[in-house]
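Notes to accompany the following structure.
Please read these numbers as outputs of a predicted model, since none were measured by experiment. Atoms considered below: every heavy atom in the structure, side chains included; atoms not considered: hydrogens, waters and symmetry mates.
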2 protein chains.
Amino acid sequence: MDQPSRSAGTVRPGGRTARVRAAVMEATQDELVEHGFHGLTMDQVAARAGVGKTTVYRRWGSRAGLVTDLMTELANQSTPHADTGGVEADLRANALSVLGAINDGRLGATFQAVIAAATSDEQAAGALRAFYLRRIAEWANVVDLAVKRGELPAGTDGAEVIRAISAPLYYRLVVTREPVTEQDAERSVARTLAAARAGAFVVEEP
Amino acid sequence: MDQPSRSAGTVRPGGRTARVRAAVMEATQDELVEHGFHGLTMDQVAARAGVGKTTVYRRWGSRAGLVTDLMTELANQSTPHADTGGVEADLRANALSVLGAINDGRLGATFQAVIAAATSDEQAAGALRAFYLRRIAEWANVVDLAVKRGELPAGTDGAEVIRAISAPLYYRLVVTREPVTEQDAERSVARTLAAARAGAFVVEEP
DNA sequence: TCCTTAATGGGATGACAGTTCCGTTAAAAT
DNA sequence: ATTTTAACGGAACTGTCATCCCATTAAGGA
């Protein structure tokens, strides 16, 4: 009785198992770029990866399982946050990093796929939330440091500032589906910074 | 040779045709609330609407076609924007309106479904973009009026202000998938307004 | 009211996604 | 080198979704 077991591949993760995993992840991204989440099928992924489809079903269970794994993998490739010594430059680095991810063919397609999957799959939703909350927490440090340096008002909520930087970019990507440009990134930084300097990100209850 | 024709139902739109359409739209929303876009099937929708599935295929063609029609319908139910005479109250009205839509069971499910569909269907993407660009343009007026009253700096980009109000709310809904609260709406207004007053939404080239 | 035909709906058909069975391959331990 | 068994993969099977055919119903015009 082998239902899709997430434990498959944990006892003998070397050699073949690792190669299969790599091939499937690669094929999944390729399929996402070409057909989007809606057009993703286990069958196609298996064929493209040169792997038995039984294996794909056993280890990932569903399309949502595939993109969830992909997202988890991305979460572990933590890009260390910048620390240039000035908030504005740090936040610009953050915005440009997000912009780069969104506009990168493979990464962008992956994000959109997971976002789509998360609207009706709890597992995907969890992976998505975990990924972003982690990223937000990491980058919040640059804001905290800025507060310590006196660049921003005391009590400024770092995580909220980081969210505010990304929000307009994702809004364009996912909601209004307009192209997201470097200008949008710059503007987001400028506006968020203006609000932060005015104390709009200071939390009342600590 | 009748491929899914969007022209079906245009010659005799009265009586039966209208009833079928209403029943199908209703059933589609119900299914979206229960199963999300991924779990939406033409078959189920037809059964739930008490309509032949041939009809659903003929008139809507695909799941994306169903949600696209739903979105187009919402676009035509234009909620007139507020005009309380003060920017802050107007923008708060906008934020709360968005919040209400997001947190409403049926509307929220519909938005998320269309967002999911739009990641891999160009038709859905177009309907989504049209819906929001129209809403943004309508609400941009309240900002333009505020500029004329001298509440905000001359040259402030109204559409961008409106986008900035919604962005954090949708970011939470779709990307980090956190609950979206009234506090989030209030904060978005306060922050956007702070940035706007500081002139961060003034466009350089008119 | 009657007529034309737009539009619907039941049911048959074909394709393909998802599942299961079981033999084969190759990690990892000895 | 040998053994054990985790993990893989070919192939057959099943259910559901998308499509098509054609009879039936009823909208809209005369």
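Spacing between atom OH of A:Y57 and atom P of C:dA17 amounts to 7 Å, rounded to whole angstrom units. If you take NE2 of A:H38 and C1' of D:dC17, they are 11 Å apart, rounded to a whole angstrom. Rounded to an integer number of Å, the gap from A:M42 CE to D:dG9 P is 14 Å. Residue B:W60 contributes atom CH2, which lies 18 Å from atom P of D:dC17 at whole-angstrom precision. Distance A:R58 CZ to C:dT24 P: 16 Å, rounded to the nearest Å. Between the CG atom of A:D43 and the P atom of D:dA11 there is a distance of 14 Å, rounded to whole Å.
For A:K53 against C:dG18, a side-chain-to-base donor-acceptor contact under 3.5 Å is present. Remark: the A:R16 side chain and the D:dA7 base include a donor-acceptor N/O pair separated by less than 3.5 Å.
At C:dA7, none of the side-chain N or O atoms of B:T17 fall inside 4.0 Å of OP1 or OP2 (strictly under the cut-off). Considering only side-chain N and O atoms, A:T55 lies under 4.0 angstrom from the phosphate OP1 or OP2 of D:dG9. Residue B:R59 places at least one side-chain N or O closer than 4.0 Å to OP1 or OP2 of C:dT8.
When each of B:R63 and A:V20 is assigned the nucleotide of DNA chain D bearing its nearest heavy atom, the one mapping closer to the 5' terminus is A:V20. Residue whose closest nucleotide on DNA chain D sits further toward the 5' end, between B:Q44 and B:T54: B:Q44.
Within 4.0 Å of B:T41, counting heavy atoms only, lie sugar-phosphate atoms of the nucleic acid but no base atom. Among the protein residues, A:R19 comes within range of the sugar-phosphate backbone only, with heavy atoms under 4.0 Å from sugar or phosphate atoms but none that close to a base.
Under the 6.0 Å distance and 45° angle rule, B:R63 counts as a cation-pi partner of B:F37.
Using a distance-only test at 3.5 Å, with no hydrogens or angles considered, no donor-acceptor pair links the side chain of A:D157 to the main chain of A:F201.
Other residues, nucleotides and ligands contribute at most 12 non-hydrogen atoms within 6.0 Å of the CD atom of A:E182.
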